[in-house]
Amino acid sequence: MRFTPTEDQRAWIDEIRAFLAEHVTDGLRAEIDEFGIEANGPHAREFRRQLSARGWQGLNWPAEYGGLGRSAVDEFLLISELEAHGVPSLVALPIAVLSLGPVILRHGSEPNRRRWIPGIISGEVNLALGYSEPQAGTDLASLRTRAVLDGDTWVINGQKIWNTAGHFANHQWLAVRTEPDAPKHHGISVIIVPNDAPGITIHPIGTWSDYRTNQVFFDDVRVPADHLIGKRGAGWRYITAALDYERTIMTGFIAAVRLRFDALVEHAHTIQIDGAPLAAAPGVALRLAELDRDLELCRLMGFSVAASIDRGDVAAPEAAMLKVFGSELQSRVARFGTEILGPAGQLGRGDPDAPLDGALELLYRQAPVMRFAGGANEIQRDIIAQRGLGLPRTRG
Amino acid sequence: MDLDLTDDGMALVGAAREYLEKRYPPDVVRRMREHDGFDRERWTELATQGWLGMSFPERYGGGGASLLDLGLFCEQAGRVVLPGPWSGALHAGLFIAGLGTPEQIDAHLPRLLSGELLTTVAVTENPAGQGPQQLRTAATADDGWTLSGTKTLVPHASFADQLIVVAAAPRDGVGAFLVPVSAPGAHVRTHITIGHDHQGLVTLTRARLDDTALLGDTTDPTHVSAALARTDGVMTALTVMEMVGGAARVLELTVEHVSARYQFDRPIGSFQAVQHHAANMAIAVHGARLAALQALWLVSEDLPAGRELAIAKSAANDAYVDVTLTAHQLHGGMGIVRDHDLHLWSAHARATSLRLGTTAHHLDRIATHHADVNSRKAR
C-alpha cells in the first residue's frame with residue numbers, strides 16, 4: 001500500500017510536466033479555448049503527433065504496436081497531468097487511440113488490424129462514435145440503423161444522434177443492426193464507415209453547453225463488406241469492450257474540475273466586498289472546504305479504479321462509483337461556484353467583468369451532460385447495486 | 001502508488017475478523033453496552049492475544065507491528081462495534097509511549113498492554129467544544145501535586161484503574177498527570193450517552209498525587225500540546241478506520257435485508273429506488289475508506305497528514321451517519337425495534353462522528369488552510 005508516488009512514478013510525472021511545459025503552447029491553448037474537446041486545428045494535431053511520437057497515446061497498447069506497457073496508474077497520472085494543465089484528455093487521446101484501436105487489436109480480424117491500425121496510430125484515421133439514435137439512448141441495444149449485405153457491400157440506412165465528433169472525424173465507428181431476427185443484444189455489428197461516403201448527411205446540433213454535436217443520416221450508404229469489425233452479431237461485445245478501455249480516461253477527469261475549483265478558491269480569497277474577502281462571507285469557506293474534500297475523494301476513486309485495472313480487475317462497479325460521484329461533484333462545484341460569485345456569476349466568457357473569464361458560468365452549462373452521458377447515472381447506480389452489491393436485476 | 005495489502009496484512013485482517021466475529025457477536029456487544037460494559041475475561045483475552053498491544057514495541061510486551069496494521073485491526077473492530085475500553089487504552093498507551101520518561105514507560109506501558117492496568121485519557125472539559133480547549137482543571141505543586149477540576153466524556157472512566165488528566169500547571173504550564181481512580185478526591189460518574197459506551201464525568205477535588213505522577217516530568221506547554229496533537233492525529237486515523245469498518249458492515253447487513261425481505265412478491269432489493277439507496281451507500285463507504293487508508297498510511301509513515309486527516313474524518317463522519325440513516329430507511333419497522341441490532345451501529349456512527357472533530361470542525365481546518373495558502377500567495 002502506498003499513497004505517494006514511487007521514484008519511477010515521480011520521474012514519470014516530471015517527464016510529463018516537462019513535456020507539457022514545452023508543448024502546451026499559446027497556440028494550443030487558443031484552440032482549446034475556442035473549440036474545447038473538439039479542438040482539431042494545427043496545434044492540436046501537432047500536440048497529438050508529439051504525444052504519439054513518444055508512444056504516450058498508446059500506453060495501453062501491446063508493445064508490438066508501439067505500446068509502452070505502462071500501467072493503468074501511469075495512465076491515471078498522465079491524464080491527471082493533462083487535465084490539470086488545461087488539456088482535455090479527449091483532445092490528447094482521441095477515442096480511436098484510447099479505446100477503438102485496442103478493441104480492434106483484441107477482437108478484430110487480422111485484415112481489420114492491417115486495414116485500420118496504422119491509420120489510427122498515425123492519426124490519419126479519426127473515428128467518431130456512431131451509437132445513439134433518437135429512439136435508442138440509454139437503451140442503446142434497441143438501435144435500429146440497418147446494415148444489409150448486398151454481395152460484398154454493406155448497405156446502411158438509418159440515423160445517429162449525439163454524434164459529437166462527426167463533423168471533424170473522417171470515419172464513423174458505426175453500431176448497426178445486421179441480424180434483425182436475433183435477440184436485440186445479439187443482432188448488432190460494428191462497421192467502420194468513411195464520413196465522405198455518398199448518402200451521409202451531417203446536421204449540426206448546437207448545445208447549451210456550447211459544444212457542437214450532430215445528427216447523421218445514412219441513406220443507402222454503401223461500404224465494402226470488409227469494413228465489418230470482427231464478427232457479425234458480436235458488436236455489443238465490442239461496444240462494451242471499448243467502454244472498459246474508456247474507463248482510464250475517467251480516472252483522471254476530475255483534475256479538470258480541480259483546476260477550476262482551485263482558481264475559484266484563490267478568487268474567493270482575493271476579491272473584496274466592502275473590505276472583506278468573498279471567502280469570509282457566511283458559509284462560503286466551509287462549503288468550499290467540503291468541495292475540496294470531495295475533489296480529493298474523487299481523485300482517490302480514480303486512483304482506485306486504475307489500481308484495480310492493474311490488478312487485472314475490470315472494476316465495473318468502482319468505475320461506476322467514480323462516474324456517479326465525479327459527475328455529481330462537478331455539478332455541485334458548478335452550482336456553488338456560480339452562486340458564491342453572486343450576480344457576477346451570470347457573466348460569461350468574453351465579458352470583461354466575468355470572474356475567472358467565465359469558467360464557472362460555462363461549467364454550469366456543461367455539467368448536466370456528464371450525469372446522463374457515458375452511461376446515465378441511474379444505470380450506473382443499477383450497476384453498482386447489481387454488479388457491486390449483488391442485488392437482483394430490477395424488473396417491471 | 002497502490003492499494004494492495006501485503007500477504008501478512010491480509011493474514012492479519014483475516015485473523016482479526018475471525019476472532020472478533022467469534023468473540024463479539026451482536027448479542028455480546030448488546031449485553032456489554034446495556035449492562036456494566038466491562039467483561040473482564042474478554043478484556044484480558046483481547047490483551048493476552050496481542051490485539052491491544054500489537055503496534056507497541058516488543059520490549060514493552062507489544063507486537064512491534066505498524067500503525068497501518070493497527071488501523072486494519074480497528075477497521076475489523078468497527079465491523080463488530082467492538083465494545084470495552086480498548087480505544088481509550090490505545091489512546092493512553094500512545095500518550096505514555098509518546099510523552100513518558102523511560103522509567104514511566106517501563107512502569108506503566110507493559111501493564112497497560114497486558115490489560116492489567118486499565119488506563120484512559122481525560123482531556124475534554126466543555127463537551128460543547130472541539131479541539132484544544134482552555135484548561136480549567138489545574139494542578140498546583142506542593143510536595144507532589146494537587147489536582148482540581150472536571151473532565152467530561154472520558155472514555156470508560158467507570159472501569160479505568162487510572163486516568164491521564166491534562167491540566168493547567170503553574171507558570172502557564174500544561175501537564176499530563178497519572179491519576180489513580182482510587183485517589184482520594186477523584187470521583188467518576190457515568191454519562192448517559194447514545195452509544196451506551198460508559199464515558200465518564202470525572203471530578204477531581206484536591207486529589208493528591210506524588211511527583212512521579214507528572215508524565216514526562218514536564219509542564220512545558222508546547223511539548224505537552226505537541227504530544228497531545230500527535231496522539232490525537234493517530235487516534236483520529238484509527239477511529240476513522242473503525243468508522244469505515246462499521247459503515248461497510250451496515251451496508252452488508254442492508255444488502256442482506258433487502259435481498260431477503262419480500263413485498264409485492266419480489267425482494268425489495270429488486271426495486272430501483274432501493275438499489276439506488278444502496279448504491280449511494282456504497283459510494284459513500286468507498287470514498288471514505290480510500291480517504292481513511294490514505295490518512296492512516298501517511299500517519300504510519302510519519303509523513304505530514306493534517307489535511308488528509310481532516311478529509312478522512314469529515315468523509316467518515318458523513319458516510320457512517322448517512323449509511324446508518326439510510327439503512328434505517330431500508331429496514332423499515334424491523335430496523336427500529338430495539339431487539340434488532342442496527343441501532344448498535346447507528347449509535348456508534350453518531351458518537352464517533354461527534355468526537356475527534358465533527359465535519360464542520362474538520363472542514364473549518366481545510367478552510368483555514370485555504371486562507372493560509374492564499375495569504376502566502378498574496379504576499
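Quick note on labels: first sequence line is chain A, next is B, and so on, each numbered from 1. For the numbers below, each heavy atom of this structure counts, side chains included, while hydrogens, waters and symmetry mates do not. The structure displayed is predicted, hence computed values, not measured ones.
Looking at R287(A), there are no atoms closer than 4.5 Å to chain B (heavy atoms on both sides), in backbone or side chain. Only the side chain of T359(B) comes within contact range of chain A, judged by heavy atoms closer than 4.5 Å. For E378(A), the parts lying under 4.5 angstrom from a heavy atom of chain B are both the backbone and the side chain. There is no contact between R387(A) and chain B, counting heavy-atom distances below 4.5 Å. Both the backbone and the side chain of E290(A) have a heavy atom closer than 4.5 Å to some heavy atom of chain B. Interface remark: A279(A) contributes no atoms to any contact with chain B (heavy atom separation under 4.5 Å). With a 4.5 angstrom heavy-atom cutoff, A289(A) touches chain B via backbone and side-chain atoms both. With a threshold of 4.5 angstrom between heavy atoms, I383(A) does not approach chain B through any atom at all. Contacts between V324(A) and chain B at a heavy-atom distance below 4.5 Å involve the side chain alone, from C-beta outward.
Interface remark: of the candidates A285(A), S304(A), S308(A), S304(A) forms the most heavy-atom pairs closer than 4.5 Å to chain B. Counting heavy-atom pairs under 4.5 Å between each of A385(A), A307(A), P277(A), G388(A) and chain B puts A385(A) at the top. No other option in V73(A), T270(A), N377(A), V265(A) has as many heavy-atom pairs under 4.5 Å with chain B as V265(A). Chosen from L363(B), N280(B), I366(B), the residue pairing most often with chain A at heavy-atom distances under 4.5 Å is L363(B). Between chain A and the options A279(B), G9(B), A288(B), A312(B), the largest number of non-hydrogen pairs under 4.5 Å is found for A279(B).
Annotation for Q329(B): atom CD does not count as buried by contact number, only 12 or fewer foreign heavy atoms lying within 6.0 Å. Applying the 6.0 Å contact sphere to CZ of R289(B) captures no more than 12 heavy atoms from other residues, nucleotides or ligands. Remark: E18(B) CD is loosely packed, at most 12 non-hydrogen atoms of other residues, nucleotides or ligands lying under 6.0 Å away. For R2(A), the CZ atom counts as densely surrounded, since its 6.0 Å shell holds more than 12 non-hydrogen atoms of other residues, nucleotides or ligands. No more than 12 heavy atoms of other residues, nucleotides or ligands sit less than 6.0 Å from atom CD of E7(A).
For the atom pair L293(B) CG and M1(A) CE, the distance stands at 4.5 Å (nearest 0.5 Å). Distance check, rounded to the nearest 0.5 Å: CG of L290(B) to CZ of F3(A) gives 6.5 Å. How far CG of N374(B) is from CD of E266(A): 5.5 Å, rounded to the nearest 0.5 Å. Atom CD of Q386(A) is separated from atom CD of Q272(B) by 8.5 Å, given to the nearest 0.5 angstrom. One finds the CD atom of Q294(B) at 9.5 Å from the OG1 atom of T4(A) (value rounded to the nearest 0.5 Å).
Of all non-hydrogen atoms in I283(B) and F325(A), the two that sit nearest each other are CG2-CD1, 3.8 Å. Residues P392(A) and P267(B) come closest through the heavy atom pair CG-CG, 4.0 Å. Counting all heavy atoms, side chain and backbone alike, G287(B) lies closest to L297(A) at O-CD2, 3.4 Å. Nearest heavy-atom pair, T394(A) versus S270(B), reported as atom, atom and distance to 0.1 Å: CG2-O, 3.0 Å. L391(A) and S259(B) get closest at one heavy-atom pair: CD2-OG, 3.4 Å. In terms of heavy atoms, I384(A) sits closest to A282(B) at CG2-CB, 3.8 Å.
Between the Q9(A) side chain and the M1(B) main chain, a donor and an acceptor come within less than 3.5 Å of each other.
Counting heavy atoms from C-beta on, the side chains of D292(A) and R307(B) come closer than 4.5 Å. Annotation: side chain of R381(A) is not in contact with side chain of Q275(B) (no heavy-atom distance under 4.5 Å). The side-chain heavy atoms of H276(B) and D382(A), taken from C-beta on, include a pair separated by under 4.5 Å.
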Task: Stepwise side-chain contact (heavy atoms from CB on, under 4.5 Å) check, R311(A) with D2(B) - done: CA-CA 10 Å; R311(A) 228 180 283 126; D2(B) 75 81; over 6 Å; no
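Ring pair H269(A)/H370(B) is perpendicular by interplanar angle, where above 60° counts as perpendicular and below 30° as parallel.
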